[in-house]
Amino acid sequence: MRVPEARPIVAGRGRAVPLPAFLAVPVLLVSAAVLLPVAYLVVRAAGADEGVLELLLRGRTARVLGNTVLLAAAVTATSVAVAVPLAWLTARTDLPGARTWSVLAALPLVVPSYIGGFMVVTVFGPVGALQRALEPLTGLARLPDLHGFVGAWLTLTLFAYPYVLLSVRAGFRGMDPSLEEASRGLGEGEWTTFRRVTVPLLWPWIQAGALLVALYVLSDFGAVAIMRFESFTTAIYLQYQAALNRSYAAVLSLVLIALAAGVLLAGEQRGRARFHRLGAGAKRPARVVPLGRWRPVAVGFCAAVAALGVAMPVGVLAYWLAIGMQHGDALARVLAPTARSLAASALGAGATLLMALPVAVLAVRHGGALARFTLRVMYVSYALPGLVIALALVFFAARYAPAVYQTLGLLVFAYAVHFLPQAVGPLRSALQQVSPSQEEAARTLGRTAPDVLWTVTLPLVRPGMVAAAALVFLTIMKELPATLLLSPTGFETLATTIWTDANDGRFGRTGFPALVLLAVSSVSMWLLLGQEGGRA
Amino acid sequence: MYEITQETRRDRRAVGDRPAVVALRAVTRRFGAAAAVDRLSLDVAPGEILALLGPSGSGKTTLLRLIAGFERPDDGEVWIAGRRVAGGGEWVPPEARGVGMVFQDYALFPHLTVAENVEFGLHCVLVAERGPRTAEVLDLVGMRGLAARYPHELSGGEQQRVALARALAPRPFAVLLDEPFSNLDADLRRQVREEVRAILTAAGISAVFVTHDQEEALMLGHRVAVVNAGRLEQVGTPEEIFHAPRTRFVAGFFGRADFLPARVTADGLETEAGLVAQRVAPVASGDGHVELLVRPDDVTIAAAPDGTGTVLERLFAGSEIIYRVALPSGRVLHSRQPHTVELPRGARVAVRVAPGHPLACFQHGAALEVEAAGPPLPRERGEATA
């Protein structure tokens, strides 16, 4: 035998094939990019003239914190209160037109909060549509002002409760009806069974939905700004805009980040503990609960929610359009902002996809500490308010990279960092469906790992890439705070035109851009729900 | 476990002095604390088809992936065509090893046609030569007519042949096949097996294939390597493996096998089922206790009211009947009988181990050299050979 005898060599224990550099390097860069905003905020806050502690302990911080927590708690509570009965009615009872109601009840999700906020003001404002309708009857010249907590609470509940609804409905669908039957069989009554079996089984789903609502409220900028409610996002924006104290803005941002991270962490831990109790269950339809004489009440409840969440936005939109057209506004005017929105979204989607690809490939094919770390960092960044990310980038660019400050490039970068998880999600699902043996086969046929990615993996995950890009594209179209802060001067997009015009009270001019955005929003919501359906 | 050096000597006999195409030298691969492959050495000669046979979880697929370069050995070396590709500080990635692979799920690229799949590995070949080479290997596997089809338009057997053609196209030093027939139904499997053997022989290429099917290994392999718990139990021709198992594990892996404890005496081997007139090599250690490999046709039973055996169960297998018989100790032996022998369950029977050949004999799991005692014994098998 020409092969020499074996001799021991020094080798690590159980090491896997090492991370290929063509993945590891880009993923490290992506992690760094995602971490940049938070890291910079920390640096900025630490370098404040006054001590961080003094800034933190200002009376104002406590007030803002109180406001924000109160708003998040209130909106989450009312969302659950509205959504759980709706989910039960549409999923488990003989509610007439249950399918229609379930679609209508999910629709408010397509209204971006800044458009929703203006709509609520237009209808329920002191001199809004409701006041004009009521004036002949009551002679009231003004309705009570709903700006502040009440307005923010109402608006956010109205347009965020569907997160709970969708989650709980998925819970009802996945629940094994025999568990409830077992409880009945053990001699428990209908109501006791609901309380002791159904609700505990639904609890993880309620929590998951509530988590989304809470994060939505924390990161919302549009609705609270319109309602002039002092929450973290508005306070941060004010500090930034008035250039009062940027360090204080950084400190406020960090508190908000801590809040979001806390919510995320709490949700994650409880979610995990409960998950395994919910098997796929027997795929037997659950018993339909007859509503009996409660039927009219149930229909009335559904109709009221649909009137506020769907009929009102449609009516207001039509009203704005009518006013706009009376004043000679035309769709043509929004062509330029639409083109800019499209351009920014396309660039943003492209950049996001480019960043998402190495992360997804690494996570699916190699796993390991770097992949886990990147995914975690990425999801935390997703929970961060867009405003905070944008602000951090503004500070960073103004100090260290003035050349990119107020350029499209920085805006696109912010989009990519913020929306990365939306692209990684579909890409991971697509990659998981490609058998690793196909890639290994390509290796044994003489192709290098990067070559395999290009010739085998990417062609096979093309549908997933298209879905990811579409989702990110549509989400960026609606994005407001980062676009407001980071777009180059004069770079008006659909979102920013609506914002400026509505802020100046020119509601007539918001009809066309809002129409376009709502259409875009509907498509993206449809894509997103399609994805969630696949996961459930 | 027997010694590696002894095994290497046996290899030399089988392989001759030609250089090995694939050589593993004391290769170890651990996953966590467990060794999936444990100091295993093996050679594959030019043109040889080697079957890696073992139960699931025995490390045979890991072995294949170590050769292909999808796993790195923790220790030991892998050589391909005289070049060290892993170990001793060397690492050659899979694409540079010149080893083709046929995957269990075939792993055909669904976005490419049959011809494009085959051509995929020819990117380093001159453009003008790609077409002819593709046609050549598709001819070899009899798939030229379906070159324009997509993988999903092919049957399982056809996909199998395309996968083989694709692996052969770049003229690798060797092809590796991972459970190549497990995705085919029984009838097709038999047919494809013969086709694959013919194709590999026609291509004159070395092949290593993994299987847990003993029949497949015996029929297809020029040599069979039996792997258990990450270690090589035995490697040899199918005949050697079948007739002269060197470990208790190998013996038990082929066919129905019972192990009967025996004590070495001057007259032969004393067992619960009588004396077996057979001599064994001097027992190196212990008190002369060994185990005999007893197959169903080595055991005769006859109805006898004072017999020591009890019929436990009667397994009807068409032309023959397998009886499960309990000995006084509770140990169970199987006996093959013609269907004319009818014994009810619970019947008392006289059990005799009456082979017409020396029985394989094991001590501490390893085979002992056996030889028949004295003059050849008269044929005693009688009905048992029917």
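Quick note on labels: first sequence line is chain A, next is B, and so on, each numbered from 1. The shown structure was predicted, so the numbers you read here are calculated from the model rather than taken from an experiment.
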- Item | Evaluation steps, side chain to side chain contact (heavy atoms under 4.5 Å, CB included), between A:Glu440 and B:Arg65 | CA-CA 10 Å; A:Glu440 288 174 354; B:Arg65 293 173 62 81; 2.8 Å; yes

- Note on the structure: Per-residue tally against chain A (heavy atom, under 4.5 Å) across B:Leu176, B:Thr28, B:Val99 peaks at B:Val99

- Could you go through the side chain to side chain contact (heavy atoms under 4.5 Å, CB included) check for A:Thr455 and B:Phe109 one step at a time? CA-CA 10 Å; A:Thr455 53; B:Phe109 306 127; over 6 Å; no

- Note on the structure: Looking only at A:Ser435, A:Ala442, A:Ser437, most heavy-atom pairs under 4.5 Å shared with chain B are made by A:Ser437

- Task: Would you check if B:Phe103 and A:Gln438 make a side-chain contact, meaning some heavy-atom pair closer than 4.5 Å?
- Result: no

- Query: Would you call A:Arg447 and B:Glu95 a salt bridge, taking side-chain N to carboxylate O under 4.0 Å as the test?
  - Reply: no

- Task: Starting at CG of A:Leu445, measure out to NE2 of B:His123 and round the result to the nearest 0.5 Å.
- Result: 8.5 Å

- Item | Contacting region of B:Leu108 [heavy-atom separation from chain A under 4.5 Å] | backbone

- Heavy-atom distance under 4.5 Å to chain B: side chain of A:Thr448, backbone, both or neither? both

- Counting heavy-atom pairs under 4.5 Å to chain A, which of B:Asp105, B:Asn117, B:Val102 comes out on top? B:Asp105

